[in-house]
**Q** 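What follows is a structure written as structure tokens; I'll ask about it next.
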Amino acid sequence: MLKLLKDRSFGSLVLSQFLGAFNDNAFKQLILLLTVGAATAGAITAGKRFW
């Protein structure tokens, strides 16, 4: 298994897959946090309880 990971082409493929998945998850978390933050700020400004 380690020999396969040391292969240049396979290692590059694994790295690009990992970075793509990390980027996708980081983007989703950013959008989620911004959305929740905007919703809570809007609720607080309107004088409503969010919970």
Side-chain angles (χ1 to χ4, degrees):
M1 178 79 178
L2 290 176
K3 186 175 188 246
L4 185 60
L5 284 175
K6 289 181 182 178
D7 184 22
R8 184 179 173 126
S9 61
F10 186 74
S12 300
L13 176 66
V14 170
L15 180 65
S16 65
Q17 288 290 320
F18 172 77
L19 291 176
F22 177 79
N23 184 31
D24 186 45
N25 288 329
F27 180 70
K28 286 179 186 178
Q29 285 295 321
L30 176 67
I31 295 300
L32 178 68
L33 290 173
L34 289 174
T35 304
V36 169
T40 56
I44 291 171
T45 304
K48 298 177 182 176
R49 291 187 67 185
F50 187 70
W51 308 120

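Just so you know, these numbers use all the heavy atoms, side chains as well, and skip hydrogens, waters and symmetry mates.
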**Q** Hey, could you give me each pair passing salt bridge (charged side-chain N to carboxylate O under 4.0 Å, His left out) that has a residue in residues 10-35? Not counting sequence neighbours.
**A**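 Sorted pair list: D24-K28.
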
**Q** L30: what forms a side-chain contact (heavy atoms from CB on, under 4.5 Å) with it, not counting sequence neighbours?
**A** L34

**Q** Could you list all the salt bridge (charged side-chain N to carboxylate O under 4.0 Å, His left out) pairs where at least one residue sits in residues 33-44, not counting sequence neighbours?
**A**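 Sorted pair list comes back empty.
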
